[in-house]
Enquirer: 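Mind having a look at this structure? Questions to follow.
Residue numbers begin at 1 in each chain, while the letters A, B, ... track the order of the sequences.
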Amino acid sequence: MTEFDVRKFSQFNNMIDFLSNWFPFNTSVLPSMLKASLVTLGMAFLGSFAGLLVALPVSLLAAKNTAGPFYGAVRIGLSFVRSIPEIVLGLMFLTIVGPGPFAATIAIIVHNASVLSKLIAELIEAADKGPQEAMKAVGARPLIGALFSIFPQIWPNVLSHYFYRFEVAIRTSLMLGLVGGGGIGQQLFVHFKTFQYQTVAVDVMLIMIIVIVVDFLGSRVRQNVM
Amino acid sequence: MSCNDALLIVENGCVRYQHAESYALNHVSLTFQRGEFVCILGKTGAGKSTFIRTLNGLQALTEGNITYNGRSFQTLDREGLRRQRKKMGMIFQHHQLIPRLTVLQNVYTGLFGSRSTIRNMAGLFDESEKRLVRDVVEQVELLPHLNKRVDLLSGGQRQRVGIARALAQSPDVFLGDEPVASLDPGTANRIFQLLRRLHEERNLLTIINVHDVKLAKRYASRIVALKEGRVVFDDRPEALTGEIEDMLYES
């Protein structure tokens, strides 16, 4: 079914030949590729951050202990949105707002809002019940009780999920570049299609640097929040 | 004691948990008035925690009724019950503080019941509220730790934060669900000294579950003992004899 066949690795030389075409790097494109990288970073950041902002209130409606009567409907809605691949969402929004980073950013927001809502809802369900009971005992209203007794507990894990989704959003924005989403993903696609492998090498290096920097920043922020 | 002086009345209170064969609280009738310092004794499973939790409605009675300040719990909806709880401070065995928040932030949560949602969400506190919070932190001798995270405090200090949070409610009733069970004897004694002092200063009704009979005898003005969900003793501490203690804790 998967056509798994170790013997096919006998063609390993092909890959070495292919990668040898990447050198030397075409550094003349660096300034314009840096600009495209920033677009990708912006799409990923705005997409995941706006997704987080939407997910925070929605997660309260998707957690068994805080949702009330909305639980089932919200969970089904989130599963539905999550099941749509980002690239399909990108194509859908492209038809509304036209090609470019905006359509890609909306697709990332929608997908991340649904993923983060589910992840945060599960953190809410697993939060220590003690502080929640204490808030009930002081006579706090349910919303205030939930906000103040649950979110301080789960905040480091929320950030952990967020930074992971931010990293995923960078890769997603690259994929969305293939369908006209802009950024370095689109440049990578064009450079590949036109056999500009020395420029592809620059694109790949920049993408790797972005992912590593975001991962490093994420771990620093989590350390400070713990 | 006449019922007219009563602040809190439990009439024929029963709790039977789902799928349980017997009552956790079995037709308990008790009347409490302001100024009493009541310790609830009984071995594990006697119904002490269930009883305390029914007093502020954290646990609903399956039969019977509770009247607080002349208002019957049976007539109250969820919002009505919430309003009643505002004046009933509660401290817990495991403190139930909000981790990662500071002493000050935890004590502020004691005010949440009496303020609007918007003011709570925005974290807006007026001068009198700030003074009240600072005063109660001072009363529990935690001023030097005001901005320390509660998860960095000792067990005794955390319990003091729990007490300060309850005091911030300006309560009429102080409830304690085994507040010293996880503390060493010296710290437990100091916590009881503090509770007794605050009780007298504020003329509260204090009702506390406790395992340690000596602590109950030293600090309580009245002892209520439960066995298998029933009240088997209700009198002044001097009346609690060795025979009654043996009967309470026999296996």
Side-chain angles (χ1 to χ4, degrees), chain A residues 52-61 63-71 120 122-163 219-226, chain B residues 49 52-53 55-59 78-102 105-123 149-151 158 161-162 165-171 173-177:
Chain A
L52 176 68
L53 292 184
V54 174
L56 288 173
V58 174
S59 60
L60 285 169
L61 298 173
K64 245 182 200 156
N65 50 334
T66 53
F70 308 106
Y71 173 73
I120 298 171
E122 274 157 20
L123 293 175
I124 290 173
E125 285 172 0
D128 182 7
K129 303 282 180 290
Q132 297 171 55
E133 187 166 62
M135 287 299 94
K136 204 171 168 187
V138 301
R141 288 182 173 83
L143 173 65
I144 290 297
L147 280 180
F148 283 86
S149 63
I150 296 172
F151 278 101
Q153 288 186 58
I154 65 171
W155 197 236
N157 288 333
V158 170
L159 282 182
S160 182
H161 284 317
Y162 167 70
F163 277 104
S219 62
R220 288 300 296 267
V221 170
R222 280 196 301 274
Q223 257 173 20
N224 287 333
V225 170
M226 283 302 273
Chain B
S49 287
I52 283 286
R53 290 162 56 82
L55 296 179
N56 64 352
L58 285 181
Q59 170 66 51
R78 217 165 77 163
E79 176 61 15
L81 204 54
R82 186 189 72 75
R83 285 172 190 274
Q84 292 286 302
R85 285 197 197 110
K86 286 194 302 195
K87 289 291 177 186
M88 301 174 105
M90 185 161 185
I91 47 176
F92 302 84
Q93 179 182 351
H94 299 294
H95 329 303
Q96 318 294 45
L97 302 175
I98 302 171
R100 306 185 59 259
L101 295 190
T102 64
Q105 288 167 327
N106 265 282
V107 177
Y108 268 124
T109 64
L111 299 172
F112 281 0
S114 48
R115 293 155 37 86
S116 73
T117 301
I118 290 171
R119 280 171 60 81
N120 283 332
M121 282 183 89
R149 268 171 58 160
V150 289
D151 32 327
R158 285 185 206 183
V161 179
R165 177 175 63 189
L167 285 179
Q169 291 174 248
S170 306
V173 180
F174 219 110
L175 304 172
D177 187 9

Enquirer: Within the supplied structure, the quantity of interest is the number of heavy atoms (other residues, nucleotides, ligands) at a distance under 6.0 Å from Lys129(A) NZ; does it exceed 12?
Expert: yes
Enquirer: Please determine if Lys136(A) and Glu133(A) form a salt bridge, counting it only when a charged side-chain N lies under 4.0 Å from a carboxylate O.
Expert: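 No, Lys136(A) and Glu133(A) are not salt-bridged.
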Enquirer: With a 4.5 angstrom heavy-atom cut-off, which part of Gln105(B) approaches chain A: side chain, backbone, both or neither?
Expert: neither
Enquirer: Does any N or O in the side chain of Gln169(B) come within less than 3.5 Å of the main-chain N or O of Arg85(B), such that one atom is a donor and the other an acceptor?
Expert: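 Yes, Gln169(B) side chain to Arg85(B) backbone: donor-acceptor pair under 3.5 Å.
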Enquirer: Indicate yes or no for a side-chain donor-acceptor contact from Gln59(B) to the backbone of Arg53(B) under 3.5 Å, with no hydrogens or angles considered.
Expert: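 Side chain of Gln59(B) to backbone of Arg53(B), a donor-acceptor pair under 3.5 Å: no, none is there.
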Enquirer: Specify the closest pair of heavy atoms between Val138(A) and Thr109(B), including all atoms of both residues, with the distance to one decimal.
Expert: CG2-O, 3.5 Å
Enquirer: Could you tell me which of Met121(B), Met90(B), Lys86(B) has the largest number of non-hydrogen atom pairs under 4.5 Å with chain A?
Expert: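 Greatest number of close heavy-atom pairs with chain A: Met121(B).
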Enquirer: Tell me, side chain or backbone of Asn120(B) under 4.5 Å from chain A's heavy atoms, or both, or neither?
Expert: both
Enquirer: I'd like to know which of Lys87(B), Arg115(B), Arg165(B), Gln96(B) tops the heavy-atom pair count under 4.5 Å against chain A.
Expert: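 Ranked by contacts with chain A, first place is Gln96(B).
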Enquirer: Heavy-atom distance under 4.5 Å to chain A: side chain of Leu97(B), backbone, both or neither?
Expert: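 For Leu97(B), the backbone is the part near chain A, not the side chain.
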Enquirer: Select, from Met135(A), Gln132(A), Gln153(A), the one with the greatest count of heavy-atom pairs under 4.5 Å involving chain B.
Expert: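 Looking at each option in turn, the highest pair count goes to Met135(A).
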Enquirer: Distance check, rounded to the nearest 0.5 Å: Ile98(B) atom CD1 versus Tyr108(B) atom OH?
Expert: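 With rounding to 0.5 Å, CD1 (Ile98(B)) is 14.5 Å from OH (Tyr108(B)).
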Enquirer: Counting only heavy atoms closer than 4.5 Å, note whether Arg78(B) contacts chain A via side chain, backbone, both or neither.
Expert: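 Only the side chain of Arg78(B) comes within 4.5 Å of chain A.
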